[in-house]
Amino acid sequence: MATVPMEYGLILAGVLFALGLIGVLVRRNIIFILMSIEIMLNSAGLAFIVAGYRWAQPDGQVMYFFILAMAATEVSVGLALTLMFYNRHKTLDSDAAGRMNG
Amino acid sequence: MFELLWLIPALPFAGFLILAPAGSKLARPLTALIGVGSVGLSAALAFAIGIGFAVSPPPGYAYSQVLWTWVSVSGFRPEIAFYLDALSLTMILVVAFVGFLIHLYSSEFMADEEGYSRFFAYMNLFVGSMLTLVLADNLLLLYLGWEGVGLCSYLLIGFWYKDPYNGYAARKAFVVTRTGDTAFSVGLFLLFTSLGTLQIQELMQRAVQQWGAGNGVAVAAAALLLGGALGKSAQLPLQTWLPDAMAGPTPVSALIHAATMVTAGVYLIARTHVLFALAPPVQAAVAIIGAATLLLAGFSALTQRDIKRVLAYSTISQIGYMFLALGVGAWSAAIFHFMTHAFFKALLFLGAGTVIISLHHEHDMFRMGGLRKQLPVTFWTFLIGALSLSALPLVTAGYYSKDLILLETWESPAGSPLLWAAGVAGALLTALYTFRMVFLTFFGEAKGTADRTPGIKMTIPLVVLAVLSVAGGFMEMPASLGNVHVFTDFMHTALPPVRSLPVLPGADLMLEIDAALAPLAGIILAYIFFLYRPRYAERLLNTTPGKLLHRFWFSGWGFDRVYDRFVVRPFLWFAGVDKDDFIDLPYSGLIRISRMINGALIRTQTGRVRWYAMGIVIGAVLALSVVVFR
């Protein structure tokens with residue numbers, strides 16, 4: 001069975017992470033920021049799995065479960081905050097929360 | 001018995017330590033119990049020790065108790081140690097007992113005031129500091145008590161701190177006495193560098209061994225100590241704070257004038273009398289300052305309208321008598337006058353306090369009058385105090401002490417007829433202004449109604465002090481009148497007697513008759529001017545010189561104005577000019593830099609989440625690159 005080289009997996013994880021990061025930095029819609037964070041988390045999970053496969057250890061997959069659980073809680077809290085935010089500002093633009101500047 | 005000596009100052013301090021943090025939570029009766037009780041116990045202990053001292057005196061008539069070593073730095077080893085001899089015993093008896101009576105009086109006098117526990121905490125600290133001062137075995141511990149007394153006077157004069165004037169009076173008292181204290185501390189440095197110790201008894205021995213009479217260093221040291229004494233005892237030229245110190249509650253004035261504070265200077269000179277005897281010019285200056293002060297203050301007292309200011313000037317004047325006595329070497333006479341003065345001056349202040357409070361805080365004597373019928377107990381006790389202050393011959397304590405001073409001023413080789421004449425003129429003045437006060441306050445027609453009669457806690461101190469103001473004198477009587485010398489014999493175990501010149505036979509009696517006639521003349525003059533024919537006084541006042549003199553004396557001989565013009569204002573001007581001096585540069589620079597950084601950091605707080613995320617990214621990249629490319 002042909003194996004995917006480790007480097008490919010890590011490069012994929014890096015690209016996904018960079019895409020997610022760019023998404024967080026450039027998007028203004030909170031929903032999309034949350035989605036981009038999700039992509040970053042999953043890219044980190046992917047890097048764990050690739051590393052676990054490389055060392056033939058189950059730890060990488062265990063870590064992925066942790067990330068999954070954490071991502072789930074994060075999304076629930078994040079979406080709740082988003083709802084509250086939308087109720088108050090009638091928009092999803094994160095810059096609308098800039099009243100605490102300075 | 002003597003081992004308990006340390007408890008005498010410790011008890012009031014304990015009262016302070018309880019009342020200062022917890023006082024506001026305690027009930028008022030409990031506060032009064034702690035405040036009065038601590039000083040009362042201290043007084044009782046002082047009595048017990050005094051009896052022990054009289055029955056079986058310690059060897060050499062002196063007992064010293066070392067508690068612990070305070071600091072020990074290369075040869076400088078002051079100890080927390082107390083020294084008891086006839087002088088300090090007399091002082092603690094008077095301070096603790098009169099202090100106790102004043103505390104008892106204030107527990108009723110201050111009953112309606114806010115800050116009841118604060119008042120008693122300060123009063124306890126005041127008495128504790130004074131007891132430390134008089135019991136101190138070395139000059140450094142004495143200086144600690146000295147400063148403690150100064151601090152408490154500041155706190156208590158400004159007790160009603162909501163009125164800015166009271167704060168001003170408190171600051172004035174603090175700053176003016178501090179002028180003297182600075183001289184005192186320089187004197188301590190000088191004594192230590194030249195004699196190598198501050199332990200008083202050792203210091204005096206070494207001074208005698210090392211310096212002859214008139215030695216330059218001895219004169220300088222004595223002059224510096226005198227500076228301290230002048231400040232605390234409100235003598236010329238540092239007397240200006242005392243009349244303003246009347247801003248405090250009346251019991252505070254009583255405590256400052258009778259038991260603590262102003263007598264500290266007298267005590268200091270008596271305690272270091274050996275040093276002053278080595279410096280004849282300084283000792284002569286003490287006598288002259290005393291004589292000048294007693295006359296100046298007497299004239300000022302004659303013109304005041306505020307009953308408390310009359311008493312304040314009379315204190316300055318009476319302390320002037322004590323300085324006169326110290327200056328001619330009559331150490332025991334000075335301490336005797338201190339004791340009788342403590343009795344009658346406390347009595348007069350407490351009596352004045354009763355009058356003031358029963359007339360709703362009226363201080364102006366011209367709006368009193370006729371109170372003789374309304375406040376009989378206060379009247380009779382006040383009258384006894386006034387008689388004692390004006391030294392009515394034969395029956396009052398004030399007569400015997402003042403007479404002793406005048407007699408020894410004449411007889412001592414350091415004295416002179418001129419000083420004696422100043423003293424006698426002062427005695428006439430004293431009687432005149434005292435009875436002006438009595439006649440204006442208690443006689444004549446009633447101008448206000450006293451609607452509050454003093455209760456038992458205010459009456460007891462008045463009566464006890466009145467008894468002492470009479471009986472206190474009988475332990476010392478001149479040769480022509482009973483020849484009793486209990487007090488001076490006792491005092492001579494600690495202080496040397498006057499080396500009196502031989503006087504012509506019969507001169508003693510002549511001097512006494514003169515000294516006795518002066519107060520009588522004063523009382524009669526006061527009767528004529530202020531009760532029998534008040535128009536004479538008015539007519540005298542309406543002449544041009546009369547007006548000018550009145551205004552001049554009323555303002556305390558213009559000292560305040562001179563100091564304001566030549567000291568206070570130049571100092572304020574200089575402080576204004578010097579506001580941004582070299583030393584301030586680093587500090588203001590520091591402020592400017594932190595303001596700049598603050599302004600830059602505020603700009604990074606945009607409130608935009610994406611900026612913060614960017615910040616996190618940059619930080620992470622930097623941290624990673626440090627790890628990777630190290």
| query | Out of curiosity, Met246(B) CE to Ile256(B) CD1, how far, rounded to the nearest 0.5 Å? | reply |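 The distance works out to 7.0 Å.
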
| Hey, what do you get for CD (Glu74(A)) to CD1 (Ile67(A)), rounding to the nearest 0.5 Å? |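 That separation rounds to 12.0 Å.
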
| task | Report yes if the side chains of Tyr122(B) and Leu19(B) come closer than 4.5 Å at any heavy-atom pair, otherwise no. | result |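 They are not in side-chain contact.
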
| Contact listing (chain B partner; residues 26-40 of chain A; heavy atom under 4.5 Å) |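 Expected list: Val26(A), Arg27(A), Arg28(A).
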
| Who passes side chain to side chain contact (heavy atoms under 4.5 Å, CB included) against Tyr168(B), sequence neighbours left out? |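 Partners of Tyr168(B) under the side chain to side chain contact (heavy atoms under 4.5 Å, CB included) test: Tyr165(B), Arg171(B), Lys172(B).
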
| Going by atom types alone, do Asn42(A) and Tyr64(A) pair a side-chain donor with an acceptor below 3.5 Å? |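 Yes - a donor-acceptor pair under 3.5 Å links their side chains.
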
| message | Check the orientation of Tyr154(B) and Phe174(B). Use parallel for under 30°, tilted for 30 to 60°, and perpendicular for over 60°. | response |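 The rings of Tyr154(B) and Phe174(B) sit tilted, inter-plane angle from 30° to 60°.
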
